[in-house]
Number of protein chains: 2
Amino acid sequence: MDVSRLRIACSTCSTCSTCSTCSTCSLAQLCLPFSLSARDVSELDGVVQRRRTIHRRQYLYRADEPFHAVYAVRSGILKTSHLAAYGEEQITGFHLPGEILGWDAIMSWAHPCDAVAVETASVCVLPFERLEELARTIPSLQRQILRLMSRELFQDHEALVAMARRPAEERVVVALLSFSERFARLGRSPTALRLPMTRGELSNYLGLAPETLSRVFRRLQASSLLRASGHEVVLHDLAALRQLVGDGASVNRQSQSG
Amino acid sequence: MDVSRLRIACSTCSTCSTCSTCSTCSLAQLCLPFSLSARDVSELDGVVQRRRTIHRRQYLYRADEPFHAVYAVRSGILKTSHLAAYGEEQITGFHLPGEILGWDAIMSWAHPCDAVAVETASVCVLPFERLEELARTIPSLQRQILRLMSRELFQDHEALVAMARRPAEERVVVALLSFSERFARLGRSPTALRLPMTRGELSNYLGLAPETLSRVFRRLQASSLLRASGHEVVLHDLAALRQLVGDGASVNRQSQSG
DNA sequence: CGTAATTTTGACGCGCGTCAAAGCTTGTGG
DNA sequence: CCACAAGCTTTGACGCGCGTCAAAATTACG
């Protein structure tokens, strides 16, 4: 799927008129690989007018809250975390600009997890029922919604596989490479990463103790595969890192299309 | 969502004319909580005509095969398994009658995993593009597809949480309780389970060594919480098992609606 | 009924979680 | 702009849960 073929004009993004050139557009994920009629464009535009800003540590939504909308991240990073037994939280995802969260609430019509800003973030509110209606009249939008949910399923399966079979070091590298690719898609550097979440959040996401994550970082640093200081991480050898986790292509085969 | 309100007549299921009374109907998952016009019914019916039988150990589809359809399980159990690094497989799900698999292929238009019959199974082929078309004219079908994918997202997150935070024993019990509920929904006993997969498959699914699973079963048996012999497992005390994993309601809050 | 696959059992070791304490950041108020 | 406090991160010591290996017991299947 060639990103350069995106042709929808999108008024929510102030820095561009066509999504094909603007990788940080909050609606990159909803922008369609096919052209839309002017009418469709204006309707889609109408859906995405409302914005919300969520400051660091604040909730976008909480578990058990009624479901009204999904959210496209415009800037900043959010995390979704589930309550595990007992009291402990488990982070199931970090959500970068251009990504959409909230799909897991459709079934029960309530959010099954908390969504919290890891750093101050801005999101675009996409009222679900309006999106649904619109999807009926715009086939490529319907397809795109299914594609996005499908991708999330795929990614969750990848995460499950990593959790079940990979040792600590590989899990960390898998996560770093995932961030690298997603940042690259946003036009940022794939090697100089700014990870605003705490070590504790990252280790929780990976199913590790913070101490273990720290030790893994130390070891990777000793092998000069990366350099980490605070929230800045520099990956020195992407190829070597990819090789470490036994791949380079297959792990994230799906991640470029969207 | 009251199952008794299901009113769609479904010709693919020979044992009933209305899904409200037939819990084993292969299309239970697609049957809608709202009534449909006679025209809608016949169109939906047309989509689900084709069947496939898959014998034990045979593939329904393989990783990287092009995507054409999702599949509703009519009878038997299938597993979906991903290739992990290196050579090792990781089972990401078991699929019981009434459940639908294949949604994770929409994004890349190719199946990201293998689907194999754990015991001889029969599935209903649901050509995706016809389903998509139909969803445009039947809003409640569109909604239902989104709900099903949403539920799978939710369940994957639950699995992730269990994998990341629960010790071996709890993971096993969580899985057993999940099977119990799903069998119950099919009108089978929630306490006398027939688990056709091998211990190796079950342990793989749980991210454990077969030896560990065996020992966990022995311990649970010693506490007379259950009795396992071969593929037959009898749960003696559902309440105690639920308490063991710190819950009974919240873990599967979403599982009854569908 | 015999051979292969699966399951169980025991012994053992290691990866990673836990605990505790010492650096290091970050943010706030004087 | 510095000082102090609260939180975050790192380090080391230690123990345990679970994976690994090996072999016996059981089951499945031709």
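Since we're looking at a predicted model, the values are computed, not measured. Note on naming: letters A, B, ... go to the chains in the order of the sequence lines (proteins, then strands), and numbering restarts at 1 for each one.
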- Are A:S214 and D:dT10 close enough that a side-chain N or O sits under 4.0 Å from OP1 or OP2? yes

ask   = At under 4.0 Å, does any side-chain N or O of B:R218 touch on OP1 or OP2 of C:dT8?
value = no

Strictly under 3.5 Å: I want the nitrogen or oxygen pairs between protein and nucleotides 19-26 of chain C, one per line.
{"unit_1": "C:dC19", "atom_1": "N4", "unit_2": "A:E211", "atom_2": "OE2", "d": "3.0"}

Sequence neighbours excluded, the answer for side chain to side chain contact (heavy atoms under 4.5 Å, CB included) partners of A:R50 is A:V125

Please check this pair: side chain of A:E181 against backbone of A:S178, looking for a donor-acceptor N/O pair closer than 3.5 Å.
no

Problem - Plane angle bin for B:F94 and B:Y205 - parallel if under 30°, tilted between 30 and 60°, otherwise perpendicular - result: perpendicular

How are the rings of A:Y61 and A:H111 set to each other: parallel, tilted or perpendicular (split at 30° and 60°)? parallel

To the nearest angstrom, the CG-P distance between A:L220 and D:dT10 comes to 12 Å

When rounded to whole Å, the CG to P distance for the pair A:L208 and D:dT10 reads 14 Å

Under 4.0 Å, counting only non-hydrogen atoms across every strand here, what does A:A209 touch: a base, just sugar-phosphate, or nothing? base

Between [Y] and [X], is the closest basic N to carboxylate O distance under 4.0 Å?
X      : Y      : answer
B:R171 : B:E158 : no
B:E99  : B:R151 : no
B:R199 : B:E211 : no
A:E119 : A:R194 : yes

Between B:P190 and B:A184 the two heavy atoms that sit nearest each other are CB-CB, 3.9 Å

Angle separating the five-pair end axes of the helix from C:dC1-D:dG30 to C:dG30-D:dC1, nearest 10°, is 50°

Which of D:dT10, C:dG17, C:dT7 is nearest the side chain of A:T212? It is C:dG17

Of the candidates C:dT7, C:dC16, D:dG19, the side chain of B:T198 sits closest to C:dT7

Assert: residue with more 5' nearest nucleotide on DNA chain C, out of B:L213 and A:P210, is B:L213

